[in-house]
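Inspection log for the structure reproduced underneath, given as structure tokens.
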Amino acid sequence: MCNPRRVKVRASKRLSQAWQAELERTVALSATVTGEARIIEPVGAGLAPPVRARLAEILADDPDWEKTEDGLRRDVPGGHLLYHPDTGELEIVATVAAEVSAEGQARRVIGGVAEAEAQVEVTVGYYEDGYRGRTKRVAEREGREQAEGEAEKQAVREAAERAGSEREAAERRLREQEGRCWPRRGPTPSRRSRARGPPARTR
């Protein structure tokens, strides 16, 4: 055993990691739609003026009838009655209300690819006379395996960090664009983000 030596071995790895950011918003709207149907009956049109005046007095004295600018009004389920003393007409108004609702969704997706490259250098020892098989060729092979393994680990870690940073930045841009495109008031959007795509590729 003599003349111990050392050899440096370098290795590099480059990876590509696909990422995707998604923003989804659901908006629900509801409103009440009201409609009216009117029917006019000439109940007092054929009555003599004194009789018509007496009818108006009777209705005015009835607590169920209320005097308004338009005539004598009585509320009933689903509408109201309106008697016009000057013409003797009875107006029947029926009111119908319905709830109308609608829901819509908006979805935006941004994607990209984060790339990373790592370089690693390792130093391994050998003996010039090949003591116990520790030749330069063996040392170089072991050093190359170690360097490539460590370089791949670093590249995977760096690619994942870059993909996460780029995805977060994309989500912020989506939220900023959403704030300009959607009104401030309304339902709160539902958000979800995820990284997806093919696995990291090495080359």
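Just the heavy atoms: all of them, side chains too, but no hydrogens, waters or symmetry mates, feed the values below.
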To the nearest 0.5 angstrom, please state how far the [atom1] atom of [X] sits from the [atom2] atom of [Y].
X    : Y    : atom1 : atom2 : result
L90  : H84  : CG    : NE2   : 8.0 Å
R38  : T95  : CZ    : OG1   : 8.0 Å
R10  : K8   : CZ    : NZ    : 7.0 Å
D129 : R5   : CG    : CZ    : 10.0 Å
K153 : R157 : NZ    : CZ    : 9.0 Å
R74  : D64  : CZ    : CG    : 4.5 Å

Is there a path of hydrophobic side-chain contacts, each under 4.5 Å between heavy atoms of I/L/V/M/F/W/Y residues, joining [Y] to [X]?
X   : Y   : value
I39 : V76 : yes
V93 : L81 : no
I92 : L55 : yes

So, does R73 use its side chain to make a donor-acceptor pair with the main chain of H80 at under 3.5 Å?
no
Do R162 side-chain atoms and E115 backbone N/O form a donor-acceptor pair below 3.5 Å?
yes
Atom of [X], atom of [Y] and distance for their closest heavy-atom approach:
X    : Y    : answer
W65  : L59  : CB-O, 3.2 Å
G71  : P85  : CA-CD, 4.2 Å
A114 : A159 : CB-O, 4.0 Å
E166 : V113 : OE1-O, 4.0 Å
Y126 : A139 : CB-CB, 3.7 Å
Y83  : G88  : OH-CA, 3.6 Å

Is the shortest distance from a Lys or Arg side-chain nitrogen in R137 or E140 to a carboxylate oxygen in the other one below 4.0 Å?
no
Under a 4.0 Å threshold between the charged nitrogen and the carboxylate oxygen, would E142 count as salt-bridged to R134?
yes
Could you check L82 against T68 for side-chain contact (heavy atoms from CB on, under 4.5 Å), going step by step and ending with a plain yes or no?
CA-CA 9 Å; L82 186 63; T68 66; 4.1 Å; yes
Would V122 and E150 count as a side-chain contact (heavy atoms from CB on, under 4.5 Å) here? Give the steps.
CA-CA 9 Å; V122 298; E150 185 61 29; 5.8 Å; no
Just do the side-chain contact (heavy atoms from CB on, under 4.5 Å) check on E152 and E148 with the steps written out, would you?
CA-CA 6 Å; E152 183 169 1; E148 289 178 352; over 6 Å; no
Could you give me the CA-CA distance, side-chain angles and deciding distance for K13 and L15, then say whether side-chain contact (heavy atoms from CB on, under 4.5 Å) is met?
CA-CA 7 Å; K13 283 288 183 180; L15 281 81; 4.3 Å; yes
